[in-house]
Structures are given as structure tokens and as C-alpha cells.
Amino acid sequence: MTASSQISPSDGPTPRAGDAHVTALARALLDWFDSRERDVAWRHERDPYRIWVAEVMAQQTRVGTVASYYARFTERFPTVFALAEADLDEVLHVWQGLGYYARARHLHAAAGQIVERHGGEVPSDVEALRSLSGVGPYTAGAVASIAFGVAEPAVDGNARRVISRLFDLERSTPARLDTLARSLVDAAVDRPAEMNQAIMDLGGSVCSPRRPACGDCPVSSGCRALAAGTVALRPPRREPRSSPIRTAASAVVWRDGAVLFVRRPERGLLGGLWDFPGTKPEEGPVAPGDAGLVEELRDAHGIVIAPLEPAGEAFARIRHAFSHFHLELVLFETRWISGKAGSVDDQMAGSATGYAWVTPDRFEKFAVPAYLRSPLRSLGQGAR
DNA sequence: AACACGGGGCC
DNA sequence: GGCCCAGTGTT
């Protein structure tokens, strides 16, 4: 049995904190949350540091994907101090494959800020949290409420959908969502953590984007969008953005049984990850062949490689979808002739110089974009 | 206000 | 194989 039968639909204008609709919603959501099997491992966490890490990982990423990364990350960096003292390169390596690498960079930077400003203790104050790198309104509210019991809303994408539907919001602006989420948190006396998680979990399960299971919903009788028949319209979908095709060529440069890795700039796409040297992705559906590859390595890296055969066969062709463009990457195997970029023996050159000659047995020690994993496996199998 | 920023799951 | 998802920082 759910508490939904106790909720009467209200058709009034703007709901206010403390009104009967909000009170009934809050009670039903808490009842539902309390009776539910918790399906998220870190919901049992009490350590603010670990809660913070989990919330940052959960941004933009499904919980099922996060789980193994979370286990590895917290094992390798068990405390704020461990994270603050680590090399960014190693943090990125643990983060490899999770995407949105700025999160890892900000997490690392924020650990240093917590050590400096707060003696290594994650702050409970929302403003202090908000001033940390990579901590925005959502993460600040989530950590404050879940780790410290502070009565602050935490509006992620799931909460946004749930609230937009419960209150049938035509336009769900951040300010509007914050006000309504806060009213629910305030109505859940002394249980802000459970209230926020109930809302988010509902959005992550019953109140899904496409096929909400309104028949199983603990607050269906208080859902104004359901009553109005507008569930599918709440929240309004953002119009899809165009995703142009960009093409690029990269070089697998062999030298004495090792391959040249270059470190990508910390800012920007795949920032701080290791990559093959090559041309910049340029718009256009036409395959670039090897055009410009030899010149690019000479001009950008001061490395001379053997000229590619005119009809040189590509080692691999990769298609990878980013959220805002499609990458078509062609890899060519080639030989080093001359140029700086350290030596094969100097294995420590990597992080400091941005260049590393890497033998296949060490490929896995480098953080690379997900789309290079498969080609790297192939390279490792055929020894040169 | 609009855009940059990954990768995986779903249909 | 294309579509969808969605916090924070930057501009």
C-alpha cells in the first residue's frame, strides 16, 4: 500500500511550502523511500568525502557505470589528503573511460582547496561547498544534505523531471525548481537527505523520461501533470543540437619497439589524457587520408616521420560519437626518423614533457580516450 | 543564454 | 546505429 490514496489533487496556482499538497507529497515520498530497496551502493556512505566523490561521479553518468569506478577511486584515494597529494595524471588514469574529464581535474583541485581552507574536512556549509572547483548547485546541495543533514535541496536531472511533473511546470527554471524542491525538503522535517534522495530515486526509476510508470508511482494522485495529461510534456525537451562530422588523422609512430604518446592540453576535449599525435579534427565528411599528417608532426611536435605511402593503408578507422560532434579518426602506422620528444629509455619523461615513448606492455598505464582502447589492444598484440 | 564537455544504455 | 541523457564552467 502506498500513501498516495491520502493525497488529493490540488488545482490551485503556485504551491507554497507548508501547504497541504506539498505536505502530502513529502510524506508519501518519504514513505516510498523508506520502504524501498536501496539500489545505489553509496547510499550507505557516511563519510562526506566519499559522498562528495560519488555525487561528482554520478553527474552525467548512470549509477551502474559509476559503481566500479567509485570502488577503484575510493580505494586508491581513500581520503581528501590522498587525493590532494596525488598526481593529476594518476587521478585521470583512474577516471579513464568515465568521460567528462574536467570532473576529475576539478575533484583533484578541490581536494587541495579542502586541505588548504578547511584542514582536510569537507565543509558542511553550502556556500563553502559551492566555492570548490567543480561543485555547483546540485553537488553542494547533495553533499550538504546527504553528508551533513543540512536542509538544502539537491536538484539533478531526475529531480527536475519529478518536480516539473508533480507541479506541472510549463517552464522549469532553476529558481522555480529550487523553490519547490526546498518546500519539499522543508516539509520533510529533519530528513533532507531522504527527501532529496527520494525525489531523485523516483526520477531514476518510476518517473522515467519516456515511459513513466504512473501506475506504480507513490505520488500519482498528487501529480498535477498526470491529472492534466501533460506528463509527456514535462519537463519540456530541449531541441536536439546538430552533431557535425569531424575528421582527423593520427600517427602511430614506432621507434625501437615503442610508440609515441602525446599528452592533450588540460583544458578542452579529453583534457590531460594521452593520445597519438595528429591533425586537429576538422569539419567535413570527407576522409582526410594522410593529408597533413607528416607536416603536422613536424610543425607541432618537431618530429620527423617516414613519409607515408601515397596509397598507404590505414591501420584503423575509428568512428566515435561525442555529444556535440562525430569523430572519424584514421590511424596510420609510421616510423620515427628524428626529433626531440625524449628517448625510449627515458620512461619518466611522460608527465613532465607531455611526450612519452611507450612499449606495448606499458600502454595500460596511460589514461587514453575510450575510443583508443581497441586500437591499442591491436598494437599490443602485434609486436614490432 | 548558449555552448563545451564523454560515454554508455536504450529502442 | 542513431537517439537520449544532463551538472559545471566558460563565454
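Order of the sequence lines fixes the chain letters, A, B, ..., with proteins taken first and strands second; residue numbering starts at 1 for each chain.
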Visitor: Closer than 4.0 Å, any side-chain N/O of A:R161 to the OP1 or OP2 of C:dA6?
Guide: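 Looking at the OP1 and OP2 atoms of C:dA6, one of them is under 4.0 Å from a side-chain N or O of A:R161.
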Visitor: Starting at atom CZ of A:R238, determine the distance to atom C1' of B:dA1, rounded to an integer number of angstrom.
Guide: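 Going from A:R238 (CZ) to B:dA1 (C1'), I get 11 Å.
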Visitor: Just to confirm, is there a sub-4.0 Å distance from OP1 or OP2 of B:dG7 to any side-chain nitrogen or oxygen of A:Y101?
Guide: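 Yes, A:Y101 has a side-chain N/O under 4.0 Å of OP1/OP2 on B:dG7.
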Visitor: From the set C:dT8, B:dG6, B:dG9, return the single nucleotide nearest to any side-chain atom of A:H320.
Guide: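 Closest nucleotide among those given: B:dG6.
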Visitor: CG of A:L273 versus C1' of B:dG6: gap in Å, rounded?
Guide: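 So the CG-C1' distance, A:L273 to B:dG6, works out to 10 Å.
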Visitor: Identify whether any heavy atom of A:A370 sits under 4.0 Å from a base atom; if not, whether one sits that close to sugar-phosphate; answer base, sugar-phosphate or nothing.
Guide: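 Sugar-phosphate contact only.
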Visitor: For A:H324 and B:dC3, is the shortest distance between a side-chain N/O and OP1 or OP2 below 4.0 Å?
Guide: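 Looking at the OP1 and OP2 atoms of B:dC3, neither is under 4.0 Å from any side-chain N or O of A:H324.
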Visitor: Under 4.0 Å: is that the gap between some side-chain N or O of A:S133 and OP1 or OP2 of C:dG9?
Guide: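 So the side-chain polar atoms of A:S133 never come under 4.0 Å of the phosphate oxygens OP1 or OP2 of C:dG9.
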Visitor: Sequence neighbours left out, what passes ring-ring contact (aromatic ring centres under 6.0 Å, His included) with A:Y69? Give chain and number order.
Guide: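 Per chain and number, A:Y69 pairs via ring-ring contact (aromatic ring centres under 6.0 Å, His included) with no residue.
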Visitor: With no hydrogens and no angle check, do the side chains of A:Q59 and A:T139 hold a donor and an acceptor under 3.5 Å apart?
Guide: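 Yes, side-chain donor-acceptor contact under 3.5 Å.
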Visitor: For A:Y69 and for A:R241, find the nucleotide of DNA chain B with the closest heavy atom, then tell me which residue's nucleotide is more 5'.
Guide: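 Looking at DNA chain B, the more 5' nearest nucleotide goes with A:R241.
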Visitor: In terms of side-chain heavy atoms of A:R267, which of C:dT8, B:dG7, C:dT11 is nearest?
Guide: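 Nearest to the side chain of A:R267 among the choices is C:dT11.
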Visitor: Expressed as a whole number of angstroms, how long is the span from A:L129:CG to C:dT8:P?
Guide: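 Distance check: A:L129 CG to C:dT8 P gives 11 Å.
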Visitor: So what does A:R160 touch, heavy atoms closer than 4.0 Å: a base, only the sugar-phosphate, or nothing?
Guide: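 Result for A:R160 = nothing.
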Visitor: Between C:dT11 and B:dG6, how far is it from one P atom to the other, in whole Å?
Guide: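 These two P atoms come out 15 Å apart once rounded.
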Visitor: Where each residue is assigned the nucleotide of DNA chain B containing its nearest heavy atom, which of A:S323 and A:G64 is assigned the position nearer the 5′ end?
Guide: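 Going by which nucleotide is closer to the 5' end, it is A:S323.
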Visitor: Checking salt bridge (charged side-chain N to carboxylate O under 4.0 Å, His left out) for the pair A:D186/A:R182: CA distance, chi angles, key distance, verdict?
Guide: CA-CA 6 Å; A:D186 288 342; A:R182 196 174 292 276; 6.0 Å; no
Visitor: Indicate whether OP1 or OP2 belonging to C:dG9 is found under 4.0 Å from a side-chain N or O atom of A:R105.
Guide: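 The answer is no; no side-chain N or O of A:R105 sits under 4.0 Å from OP1 or OP2.
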Visitor: Could you state the atom-to-atom distance from CG of A:L98 to P of B:dG8 in whole Å?
Guide: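 One finds 9 Å between P of B:dG8 and CG of A:L98, rounded.
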Visitor: Report the distance from atom OH of A:Y371 to atom C1' of B:dG6, rounded to the nearest whole Å.
Guide: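 So the two atoms are 11 Å apart, to the nearest Å.
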Visitor: Please say whether more than 12 non-hydrogen atoms of neighbouring residues, nucleotides or ligands are located less than 6.0 Å from CD in A:Q113.
Guide: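 Check passes, neighbour count above 12.
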Visitor: Check the distance between B:dA1's C1' and A:E239's CD and give it to me in whole angstrom.
Guide: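 After rounding, the gap between these two atoms is 13 Å.
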Visitor: So which one's nearest nucleotide on DNA chain C is more toward 5', A:N158 or A:V135?
Guide: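 Comparing both residues, the 5'-ward one is A:N158.
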Visitor: Side chain of A:H106: nearest nucleotide among C:dG9, C:dC5, B:dG6?
Guide: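 So the nucleotide nearest the side chain must be C:dG9.
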Visitor: Just to be sure I understand the rule, does A:A58 reach a base, reach only the sugar-phosphate, or reach nothing, if contact means heavy atoms closer than 4.0 Å?
Guide: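 Nothing: the residue A:A58, judged by heavy atoms under 4.0 Å, touches no strand.
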Visitor: If you check the A:Q60 side chain, which of C:dG9, B:dG8, C:dA6 turns out closest?
Guide: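 When the side chain of A:Q60 is considered, C:dA6 is the closest of C:dG9, B:dG8, C:dA6.
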Visitor: Check every atom of B:dG7, C:dC5, C:dG7 against the side chain of A:Q59 and return the nucleotide holding the closest atom.
Guide: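 The listed nucleotide nearest to A:Q59's side chain is C:dG7.
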Visitor: Look at all strands and tell whether A:Y138 reaches a base, only sugar-phosphate, or nothing, counting heavy atoms closer than 4.0 Å.
Guide: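 Sugar-phosphate only.
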Visitor: P atom, B:dG9 versus C:dT8: distance in rounded Å?
Guide: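 My reading of the P atoms in B:dG9 and C:dT8 gives 23 Å.
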Visitor: Are A:F322 and A:F325 close enough that their ring centers fall under 6.0 Å?
Guide: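 Yes, close enough.
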Visitor: With heavy atoms under 4.0 Å as the rule, sort A:T61 into base, sugar-phosphate or nothing.
Guide: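 Contact class for A:T61: base.
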Visitor: Kindly state whether the ring of A:F363 and the ring of A:F261 have centres lying under 6.0 angstrom apart.
Guide: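 Yes, the ring of A:F363 comes within the 6.0 Å limit of the ring of A:F261, centre to centre.
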Visitor: Say you pick atom P in C:dG9 and the same atom in B:dG8; how far apart are they, in whole Å?
Guide: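 Looking at atom P only, C:dG9 and B:dG8 are 24 Å apart.
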Visitor: A:F325 has an atom CZ; how far is it from atom P of B:dC5, in whole Å?
Guide: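 Whole-Å distance recorded here is 7 Å.
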Visitor: For A:T61 and A:R103, test the side chains for any donor-to-acceptor distance below 3.5 angstrom and give the result as yes or no.
Guide: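 Looking only at side-chain atoms, A:R103 and A:T61 do form a donor-acceptor pair, the distance falling under 3.5 Å.
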Visitor: Send over the distance from A:Y100 OH to C:dA6 C1', rounded to a whole Å.
Guide: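 Roughly 7 Å, once rounded to whole Å.
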